[in-house]
Amino acid sequence: MINPLRGWRGRRIAWLDCGSGASGDMLLGALVSAGVPLEVLTEAVDAAAPEGVEVTAALVTRNGLAATLVSVEGTDSTHERTWREIRALLEAAELDDRVRERALETFRRLAEAEARVHATSPDEVHFHEVGALDAIADVVGVCAGLAYLEVDEIYASPVAVGSGYVRTAHGRLPVPVPAVVELLAAAGAPSYAGESDGTPAGELCTPTGAALLATHVTRWGAQPLMRVRAHGVGAGTRDTPGRANVVRLLLGEPVNDVPSSRRDASPSNEVAGGRERSPATTSQVVVETNVDDLDPRIWPAVLHRLLAAGAADAWLTPILMKKGRPAHTLAVLVDPDLVDEVCRVIFTETSAIGVRSYPVVKQPLERVTRTVALPDGLVRVKVASYDGKVVNVQPEYDDVVALAERTGRPVKDVLTEAHARARDDAEI
Ligand SMILES: O=C([S-])c1cc(C(=O)S)c[n+]([C@@H]2O[C@H](COP(=O)(O)O)[C@@H](O)[C@H]2O)c1
Ligand code: NI
């Protein structure tokens, strides 16, 4: 089995074009079309599926475009599964830890979205279509395919969600269906209807597709500046005239559009041992501007937009400017390939009429995200190591707050519990 990205040195990124939406099978097709061997998906699916399923791939066309259609067939003996059942199933399956962690996170997001839609708790959620055998296969297969590619970061375009109505086990639902709205909102993903000529587009993004995107994608926007090394086109089941019903996956390396002296000072992050990224220094850019005339109520939205555009961090420092004017320095830490996007946000959202920027070298600690199981639910935890030793364990605050809200417990108690469990798991 040859990884299509094999032999590359340096950072690897993936960009998903979700201009015709996203679903589990479209994502599977894009992975196979980009070069992920079908066996990688079938091995993971066989390990997780409670009953026999067959995963096949075929070359088809969608509105004239060649695309790979991956189909998952099997007879399911049950009509619904609970989040608890799926969690137990994934926990018991012989899956690679990373694949299991991602699949659990995908279903956790689905359970939380369903719980919000139906005003219940994740543990009370009964999945219908989303808990079926083919959906489990889609989730595990996509998580296995993406893990196989070992990309450092996954970007995706804004997501076309569709419009109109769709028939489901819940009855007739408006599109985007409620679970998709919840999932994309929780992930901060930009979305739009995607109608071409005012005709309702139907359901373009499904809950499974949205949950998989929410779990894997860390940045949303147009294709970043990248050298494409491989790409794939995954077909949706329907062939709609006038629109290629596909997800495209582009794999490549980001192009650092920065002076060569910076590149020399900052080696690229090679994949160490094939999995974890080394704590090598990385080069980023700080973009700054001083502003004295913006309505201060707008600043939180500006910071939010900058982070949504992919900035690694954005902050304000109060300053006293020329003529004794109180003002703020807005500073944004960003990868070189996103500087233009950050400048676009600054110029359109603030009153700045210029920015300055300078390269910086960042030394990140090696870190991994783990999921710890508390009695009431899951919490992601960031575990950072220095010199091979765990030096920091930090539960994801948003997960802690969500769990505290769901259970009615104080946030500080859930935080302490998550912290203790994570430290136990990390053996520190
Ligand atoms: O299965 C469940 S719980 C479910 C919830 C919702 C809500 O929006 S609420 C919608 N659906 C519909 O089921 C089909 C299949 O979805 P996949 O993600 O498995 O492809 C789709 O039409 C959803 O809108 C299911
Ligand atoms: Ni529902």
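Side chains are part of it too, since the values below use all heavy atoms of this structure and drop only hydrogens, waters and symmetry mates. Note that ligands are numbered from 1 as they come in the structure, with each ligand's atoms numbered from 1 the same way. Along the sequence shown, residues carry numbers from 1.
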Give the numbers and elements of all ligand 1 atoms closer than 4.0 Å to a heavy atom of H118. 9 (S)

Candidate list T208, T206, L28, test side-chain contact (heavy atoms from CB on, under 4.5 Å), partner S23, passing option: T206

Does even one non-hydrogen atom of S23 get within less than 4.0 Å of ligand 1? no

Are E341 and R344 within salt-bridge range, i.e. N to O under 4.0 Å? yes

OG1/T56 to CG/L41 distance, rounded to the nearest 0.5 angstrom? 11.5 Å

Out of all atoms in ligand 1, which are within 4.0 Å of some heavy atom of V177? Include the element for each. 8 (O), 24 (O)

Would you give the angle at the Ni ion (ligand 2) between H118 atom NE2 and E114 atom OE1, to the nearest 10°? 90°

Option passing side-chain contact (heavy atoms from CB on, under 4.5 Å) with W15 (candidates E153, H231, M226): M226

Atom 5 (C) of ligand 1 - nearest protein heavy atom and its distance: E114 OE2, 3.0 Å

Closest protein heavy atom to atom 22 (O) of ligand 1, given as residue, atom name and distance to 0.1 Å: E203 OE1, 2.6 Å

Provide, to 0.1 Å, the distance between atom 20 (O) of ligand 1 and the closest protein heavy atom, together with that atom's residue and name. T206 CB, 3.5 Å

Atom 25 (C) of ligand 1 - nearest protein heavy atom and its distance: E129 OE1, 3.1 Å

So is R167 polar-close to ligand 1, meaning N/O to N/O under 3.5 Å? no

With a 4.0 Å cut-off, would you call D295 and R297 a salt bridge? yes

Any idea which N/O/S atom from H170 gets closest to the Ni ion (ligand 2)? NE2

Considering only protein heavy atoms, which is closest to atom 16 (O) of ligand 1, and at what distance to one decimal place? P207 CD, 3.8 Å

Check the angle between the aromatic planes of W83 and F107 and answer parallel, tilted or perpendicular using the 30° and 60° thresholds. parallel

Quick check: does H128 put an N/O/S atom under 2.8 Å from the Ni ion (ligand 2)? no

So, the side chain of R84 versus the backbone of T82: is there a donor-acceptor pair under 3.5 Å, distance only? no

Quick one: do D399 and R380 make a salt bridge, cutoff under 4.0 Å? yes

D335 and R219 ion-paired at < 4.0 Å: yes

Specify the protein heavy atom at minimum distance from atom 12 (C) of ligand 1: its residue, its atom name, and the distance to 0.1 Å. T168 CG2, 3.6 Å

Give the atoms of ligand 1, by number and element, whose distance to some non-hydrogen atom of A179 is under 4.0 Å. 7 (C), 8 (O)

Is E417 paired with R421 through a side-chain N to carboxylate O contact shorter than 4.0 Å? no

for atom 19 (O) of ligand 1, nearest protein heavy atom and its distance come out as T208 OG1, 3.1 Å

Under 4.0 Å from ligand 1, counting heavy atoms only, is it the side chain of L173, its backbone, both or neither? side chain

